[in-house]
There are 2 protein chains.
Amino acid sequence: MKLDQATIKDLARELNVSSSTISRALKDYPGISDETKRKVREMAEKMNYRPNALARSLRKSQSFTIGVIIPEVVHFFFSTVISGIEEVAFSKGYNVILTQTNEKVSREKTSIDTMLANQIDGLLVSYSKETEDFEHFSRLLEKNFPIVFFDRVPKLENTLNVTVDDYQGAYAATQHLIQQGYRKIYHLAGPKYLSISTERARGYLAALEDYGIQHQPSWIIESPRGNENEAKDITTEVLKRAVPKPDAFFAHNDMAAVGAMMACRELGLKVPDQIGIVGFSDWQFCTMLEPSLSSVAQPGFQMGVRATELLLDMIDKKGNIEGPKNSIVLETELLIRKSSQKP
Amino acid sequence: MKLDQATIKDLARELNVSSSTISRALKDYPGISDETKRKVREMAEKMNYRPNALARSLRKSQSFTIGVIIPEVVHFFFSTVISGIEEVAFSKGYNVILTQTNEKVSREKTSIDTMLANQIDGLLVSYSKETEDFEHFSRLLEKNFPIVFFDRVPKLENTLNVTVDDYQGAYAATQHLIQQGYRKIYHLAGPKYLSISTERARGYLAALEDYGIQHQPSWIIESPRGNENEAKDITTEVLKRAVPKPDAFFAHNDMAAVGAMMACRELGLKVPDQIGIVGFSDWQFCTMLEPSLSSVAQPGFQMGVRATELLLDMIDKKGNIEGPKNSIVLETELLIRKSSQKP
DNA sequence: TTAATTTATGCAGACGATTGCGGTATCGTT
DNA sequence: AACGATACCGCAATCGTCTGCATAAATTAA
């Protein structure tokens with residue numbers, strides 16, 4: 001069970017040199033003869049030596065591991081972010097330890113605790129929907145612990161964030177609906193305390209304003225959980241009772257958009273003929289649906305990449321008094337498909 | 001940047017006792033007075049002491065961390081497995097470090113290496129599509145290193161596996177199509193060297209045989225990558241040229257099923273009226289499609305749970321000469337939706 | 001030939017937590 | 001008064017790796 005790996009000491013004993021020599025030879029330090037280095041390397045190969053990362057981390061008090069906190073892996077968007085993160089981290093010799101919070105603050109906190117206990121060098125965070133108090137983050141930030149937030153960013157001063165331009169994405173989506181001739185455009189919004197939600201709502205409203213579309217507060221309907229069933233129920237209600245009757249929906253995510261689509265289908269309303277729909281995130285299934293779902297694509301992989309680059313940068317220049325913190329905002333792309341194009 | 005955490009020594013200095021006492025007090029060992037324990041706990045609280053998991057792991061040569069290797073997080077199925085894994089692991093005080101191979105053996109190997117360097121106590125593996133040689137696993141298995149394979153299991157002796165009953169699931173799906181009156185049932189198969197693929201193909205064939213359906217080898221078409229575009233192309237070809245013309249498809253996964261559905265739509269063939277379709281895995285989008293896609297559901301969460309339980313069990317009874325190895329096969333469930341029900 | 005360098009290696013003490021083995025009080029017993 | 005039993009606690013080594021400092025040998029300079 002325990003695979004008794006050879007240690008530096010074993011190599012030392014075998015070659016009749018000190019463990020310091022082994023250590024230095026393996027790291028190709030100066031002051032060790034080429035001959036010795038060669039012998040050490042050969043023996044290491046022969047004995048199948050693998051360094052003990054724990055011991056190394058303990059000694060150097062740096063673990064070369066970063067922690068990643070995300071709400072849920074099932075979300076297509078987050079899974080692409082993960083790929084981006086791993087890509088950069090691995091290429092720079094860092095390990096990634098990942099946990100999902102399942103949208104629970106409690107899990108978020110314990111995860112951070114165990115990650116810290118494991119001496120992670122930095123943290124990438126997209127916090128849970130439940131998180132309204134950021135004390136468990138600010139506590140770390142005060143001590144200058146490297147954290148980069150992505151997608152969902154906290155209302156804190158002086159944090160490094162990587163987001164997409166939710167405002168712009170929402171604006172473009174809404175603008176597109178308007179240009180297609182839709183007028184009574186309702187918005188299926190996300191939870192109010194998530195920055196991404198409010199940004200998307202802002203963009204939506206701005207577009208309506210800019211195009212002089214008369215609207216009412218009741219056009220924004222919260223669909224906090226953002227899954228298709230919830231959205232379907234809500235949309236059905238709206239389609240039945242709301243005045244004026246909506247002729248389009250801009251949803252804060254694709255699941256909600258699908259919910260709206262399902263509601264329309266059940267009520268015999270044709271998409272896109274009678275009702276236009278645009279979602280957000282460009283999940284895989286968008287192109288599978290009939291009609292295919294227009295959506296605002298977010299560069300998940302890119303987000304992972306940029307966030308990790310930022311974080312590793314922070315970690316590297318530890319001593320360095322932090323320069324100007326440059327948060328990053330990535331562009332979105334509106335993908336126009338059938339669900340929002342009037343024939 | 002470095003959040004100079006208080007160590008046991010700091011507590012010891014502060015309280016004028018030895019570090020051994022601190023260690024024992026915190027672990028509530030006998031032989032330490034209640035008074036001392038109280039003081040230690042208070043001081044630990046006050047100084048915000050967090051044990052250094054690395055040091056502990058090094059000393060105990062056990063890291064309380066398990067490694068998880070999966071092909072891709074984007075796969076709905078795997079993301080649910082992950083949740084099951086985390087659930088059990090966390091509840092038993094284990095950490096999880098996860099990496100995706102992106103279906104590449106090379107990544108698989110390096111991941112295992114760094115995980116071992118980090119002294120993981122065991123490994124949960126679903127290997128990549130590229131993996132045809134299992135030497136990097138058998139090497140570890142020989143040394144009795146705890147590994148549990150899930151979903152995709154290797155052709156090796158004496159391994160612990162957790163799978164779903166792919167054969168049965170495929171059989172049920174095919175049987176269902178037959179009972180609905182479909183006769184020319186083609187199979188969109190996965191890569192031949194994946195056990196899950198061959199099992200599903202076996203179940204499919206068995207059902208055809210049992211119901212006395214005449215069939216040909218050409219009815220099984222490989223769609224190795226298993227995504228919707230590949231499957232769509234393949235299916236289009238088949239629908240145009242194959243003799244006899246298929247009246248149903250049983251796909252080895254849902255993406256391929258969607259591809260088939262898209263092909264039918266483009267060729268003006270009605271699902272389920274003219275063509276019946278059943279997929280595998282029950283991705284989220286199955287219910288979103290029109291017509292909704294029948295699929296064989298796999299208990300991903302359960303699989304994660306059981307696999308982790310098995311693994312932790314192995315880890316616990318390390319010394320124990322292993323008893324009979326009991327692999328686990330979980331039941332699938334055929335979810336009948338519109339795509340396979342003749343009107 | 002001797003002193004000054006250079007080159008190659010070893011010693012020993014961290015890093016933080018754990019633990020076997022002892023040591024010192026304190027108290028009760030005979 | 002002397003002894004053993006308890007109850008508490010400390011010493012020191014250990015896990016595997018790294019590294020500042022010292023040391024020895026080999027080389028060069030003077």
Side-chain angles (χ1 to χ4, degrees), chain A residues 2-41 43-44 47-65 93 114 116-121, chain B residues 2-41 43-44 47-65 93 95 114 116-121 318:
Chain A
K2 184 87 61 43
L3 56 175
D4 34 19
Q5 280 289 358
T7 74
I8 267 189
K9 288 181 186 168
D10 296 326
L11 293 186
R13 192 176 333 105
E14 210 67 24
L15 289 173
N16 271 323
V17 294
S18 78
S19 52
S20 347
T21 302
I22 304 288
S23 174
R24 285 192 265 250
L26 289 173
K27 298 277 169 191
D28 205 24
Y29 272 28
I32 302 290
S33 71
D34 290 346
E35 173 64 7
T36 308
K37 283 184 185 170
R38 192 184 52 73
K39 276 199 247 173
V40 170
R41 273 196 281 261
M43 184 56 76
M47 299 182 69
N48 193 33
Y49 169 77
R50 293 275 171 275
N52 184 323
L54 291 189
R56 177 184 156 82
S57 300
L58 177 61
R59 175 60 227 253
K60 311 204 48 151
S61 50
Q62 191 183 354
S63 63
F64 294 96
T65 298
T114 66
L116 289 178
N118 282 284
Q119 311 299 114
I120 52 165
D121 295 336
Chain B
K2 184 85 63 42
L3 56 175
D4 34 20
Q5 280 289 359
T7 73
I8 266 191
K9 289 180 189 170
D10 296 326
L11 294 186
R13 192 176 334 106
E14 210 67 25
L15 289 173
N16 272 321
V17 294
S18 77
S19 52
S20 346
T21 302
I22 304 288
S23 174
R24 286 191 265 250
L26 289 173
K27 297 280 168 190
D28 205 24
Y29 274 27
I32 302 290
S33 72
D34 289 346
E35 173 63 8
T36 307
K37 284 183 185 170
R38 192 184 52 73
K39 276 200 248 176
V40 169
R41 273 195 282 262
M43 185 57 76
M47 299 182 70
N48 193 32
Y49 169 78
R50 295 274 172 275
N52 184 323
L54 292 189
R56 178 185 154 84
S57 300
L58 178 60
R59 176 60 227 255
K60 310 199 55 152
S61 50
Q62 192 183 353
S63 63
F64 294 97
T65 298
N95 284 82
T114 67
L116 289 178
N118 282 284
Q119 313 297 117
I120 52 166
D121 295 335
K318 45 172 94 177

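Naming convention: chains lettered A, B, ... in sequence-line order (proteins, then strands); numbering from 1 in each chain. Side chains are part of it too, since the values below use all heavy atoms of this structure and drop only hydrogens, waters and symmetry mates.
No side-chain heavy atom of A:T65 sits under 4.5 Å from any side-chain heavy atom of A:N118.
Distance check: B:N95 CG to B:F64 CZ gives 10.5 Å after rounding to the nearest 0.5 Å. To the nearest 0.5 Å, the span separating OG on A:S23 from CD1 on A:I8 amounts to 4.5 Å.
Protein atom CG of B:L54 is 15 Å distant from nucleotide atom P of D:dG16, rounded to whole Å. Distance A:Q5 CD to D:dG16 C1': 12 Å, rounded to the nearest Å. Here D:dG10 presents its C1' atom at 17 Å from CZ of B:R13, a figure rounded to the nearest Å. Rounded to an integer number of Å, the gap from CG of A:N118 to C1' of C:dA17 is 14 Å. Between the CG atom of A:L26 and the P atom of D:dT17 there is a distance of 9 Å, rounded to whole Å. We find that CE of A:M47 is positioned 13 Å from P of D:dG16, with the value rounded to whole Å. Across the protein-nucleic acid pair, A:E35 atom CD and D:dA26 atom C1' stand 16 Å apart, rounded to whole Å. Rounding to whole angstrom units, CZ of residue A:R50 and P of D:dT17 are separated by 12 Å.
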Name each donor-acceptor pair under 3.5 Å that joins a side chain in residues 11-18 of chain A to protein atoms two or more places apart or in another chain, with its distance.
| unit_1 | atom_1 | unit_2 | atom_2 | d |
| --- | --- | --- | --- | --- |
| A:R13 | NH2 | A:D10 | OD1 | 3.0 |
| A:S18 | OG | A:S20 | N | 3.3 |
| A:S18 | OG | A:S20 | OG | 3.2 |
| A:S18 | OG | A:T21 | N | 3.3 |
| A:S18 | OG | A:T21 | OG1 | 3.3 |

Output a table of donor-acceptor pairs, distance under 3.5 Å, between side-chain atoms of residues 27-34 of chain B and any protein atom two or more places apart or on a different chain; print 'none' if there are none.
| unit_1 | atom_1 | unit_2 | atom_2 | d |
| --- | --- | --- | --- | --- |
| B:D28 | OD1 | B:K37 | NZ | 3.0 |
| B:S33 | OG | B:T36 | N | 3.1 |
| B:S33 | OG | B:T36 | OG1 | 2.7 |

Residues 48-57 of chain A side chain polar contacts: donor-acceptor under 3.5 Å, at least two apart:
| unit_1 | atom_1 | unit_2 | atom_2 | d |
| --- | --- | --- | --- | --- |
| A:N48 | OD1 | A:R50 | NH2 | 3.4 |
| A:N52 | OD1 | A:L54 | N | 2.8 |
| A:N52 | OD1 | A:A55 | N | 3.1 |
| A:S57 | OG | A:A53 | O | 2.8 |

- Heavy-atom protein contacts under 4.0 Å, nucleotides 6-15 of chain C, coded B base, S sugar-phosphate only, - none: --BBBBBBBB

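For B:Y29, no side-chain nitrogen or oxygen approaches OP1 or OP2 of C:dA17 to under 4.0 Å.
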